[in-house]
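Take a look at the structure below.
Each residue takes its place number in the sequence, starting with 1.
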Amino acid sequence: MEGATRTGSRLYFLVRFVSRESAILIRNRIHGMDMPVFLETDRLLLRAWRDEDIDPFAEICADLEVMRYFPEPLSREKSILLISRSREKQERDGFCIAPVELKETGAFLGFVGLNRPDYPKPLPFDPCVEIGWRLKQSAWGQGYASEAARAWLRFGFETIGLDEIVAFTIPDNAPSQNVMRRLGMTRDHEGDFLHPSIPEHHPFAPHILYRLGRTAWNRSPDGRAGDGPGFT
C-alpha cells in the first residue's frame with residue numbers, strides 16, 4: 001500500500017497492484033471511515049453511479065435478452081430504484097454493484113460489483129457478500145464481466161478482508177455459471193435454495209450457489225498476482 005494521506009476525518013488510500021488489475025483511489029469503510037470505492041483494470045473503470053447512467057441502465061434492464069434469467073425485465077422506475085439503493089449501499093457498506101465504463105470510449109457497459117443482500121426474507125446463507133454483474137448485449141463475449149469481477153474479488157479479499165464471497169443464479173443460467181467458474185468459484189451442491197423474493201412455485205425460484213473463500217483466492221493465480229495486504 002502506498003500514497004496514504006489524511007484529509008480531515010477521511011483517509012485516502014492509493015493502492016497499487018502489480019497484477020493486470022489495479023485498484024486506484026480505494027476509499028472504503030475501513031476502520032469505520034466512510035470512503036467511496038473506485039477500481040480500475042486494463043480496459044475498465046469501475047466507478048460511482050451518476051445521474052446520466054439512468055437512461056442506459058434502464059435500457060439494459062428492459063432488454064428481454066439481458067433479463068431472460070430473471071422473472072421479468074425492469075421498468076424505468078425500478079431501474080432508478082436499483083440505482084438509488086446501490087448508492088445507499090455504497091454509503092452504508094462502502095461498496096455496491098457499480099457501473100462499468102470502457103476506458104477507451106467512456107461507454108457505460110452495465111454493472112459489476114459486491115453486494116450485501118437485504119431481501120425482506122433472509123437467504124439461507126446470510127449474512128453474506130455476493131458478487132454480481134449485468135452487462136449490455138454488445139459487451140458480452142469480451143471478458144469484461146470476468147475482468148471487472150476479478151478486481152472486485154481482489155478488493156473484497158485483499159483490501160477489506162472478507163472471508164468469503166458468493167454468487168447465485170438459476171440452474172439454466174449457463175453463461176453466468178461459466179463466469180463464476182472462471183473466477184475460481186465452486187458450486188455448493190448442498191446450497192441449492194428457493195430465492196426468498198420469488199414466489200415458491202415460480203420456475204425461477206430454484207437457485208444454485210457458488211462460493212469462493214479467502215484461502216482459495218490466495219492460492220489462485222489471481223490471488224497470488226496482487227501485492228495487496230493479503231489477509232490470511
Heavy-atom check, side chain of Asp192 versus side chain of His207, under 4.5 Å: no
Give the minimum heavy-atom separation between Thr41 and Lys103, together with the two atoms involved. O-NZ, 3.0 Å
Any side-chain heavy atom of Arg50 within less than 4.5 Å of one from Phe108? no
Are more than 12 heavy atoms, taken from residues, nucleotides or ligands other than Arg181, located less than 6.0 Å from that residue's CZ atom? yes
Could you tell me whether a side-chain N or O of Ser79 sits under 3.5 Å from a main-chain N or O of Ser75, the two making a donor and an acceptor? yes
Side-chain contact test, heavy atoms from C-beta onward, threshold under 4.5 Å: evaluate it for Ile60 versus Arg134 and give yes or no. yes
Answer with yes or no whether the hydrophobic clustering places Val166 together with Val179; edges join I, L, V, M, F, W, Y residues whose side-chain heavy atoms lie under 4.5 Å apart. no
Side-chain touch Leu153/Leu212, heavy atoms, less than 4.5 angstrom: yes
Is there a donor-acceptor pair closer than 3.5 Å between any side-chain N or O of Lys89 and the backbone N or O of Arg116? yes
Any side-chain donor-acceptor pair under 3.5 Å between Ser146 and Trp133? no
May I ask you to decide if Gly161's main-chain N or O and Arg214's side chain share a donor-acceptor pair within less than 3.5 Å? yes
To check you understand the geometry: which heavy-atom pair defines the closest contact between Gln177 and Pro171, and what is its length? NE2-O, 2.9 Å
Tell me whether the centres of the aromatic rings in Phe57 and Trp49 are closer together than 6.0 Å. yes
Taking all non-hydrogen atoms of both residues, which atom of Ile97 and which atom of Ser86 are closest, and how far apart? CG1-OG, 3.3 Å
Between Trp152 and Phe155, what is the ring plane arrangement, given parallel below 30°, perpendicular above 60°, and tilted in between? perpendicular
Ring geometry between Phe125 and Phe193 (parallel below 30°, tilted from 30 to 60°, perpendicular above 60°): perpendicular
Gln142 and Arg43: which non-hydrogen atoms are nearest, and at how many Å? O-NH2, 2.9 Å
Looking at every heavy atom in both Ala151 and Leu39, which two are closest together, and how far apart are they? O-CD1, 3.8 Å
Under the side chain to side chain contact (heavy atoms under 4.5 Å, CB included) rule, what do Trp140 and Leu135 come out as? Steps first, then yes or no, please. CA-CA 7 Å; Trp140 294 357; Leu135 303 180; 4.2 Å; yes
Just do the side chain to side chain contact (heavy atoms under 4.5 Å, CB included) check on Gln137 and Asp63 with the steps written out, would you? CA-CA 9 Å; Gln137 286 195 59; Asp63 187 319; 3.0 Å; yes
Specify the closest pair of heavy atoms between Glu147 and Asp42, including all atoms of both residues, with the distance to one decimal. OE2-N, 3.6 Å
Checking Arg187 against Phe168: charged group under 6.0 Å from the ring centre and within 45 degrees of the axis? no
Test log, rule salt bridge (Lys or Arg N to Asp or Glu O under 4.0 Å), inputs Arg68 and Glu65: CA-CA 5 Å; Arg68 70 189 185 278; Glu65 185 63 16; 3.4 Å; yes
side-chain contact (heavy atoms from CB on, under 4.5 Å), paired with Pro99, selected from Asp53, Leu109, Val112: Asp53
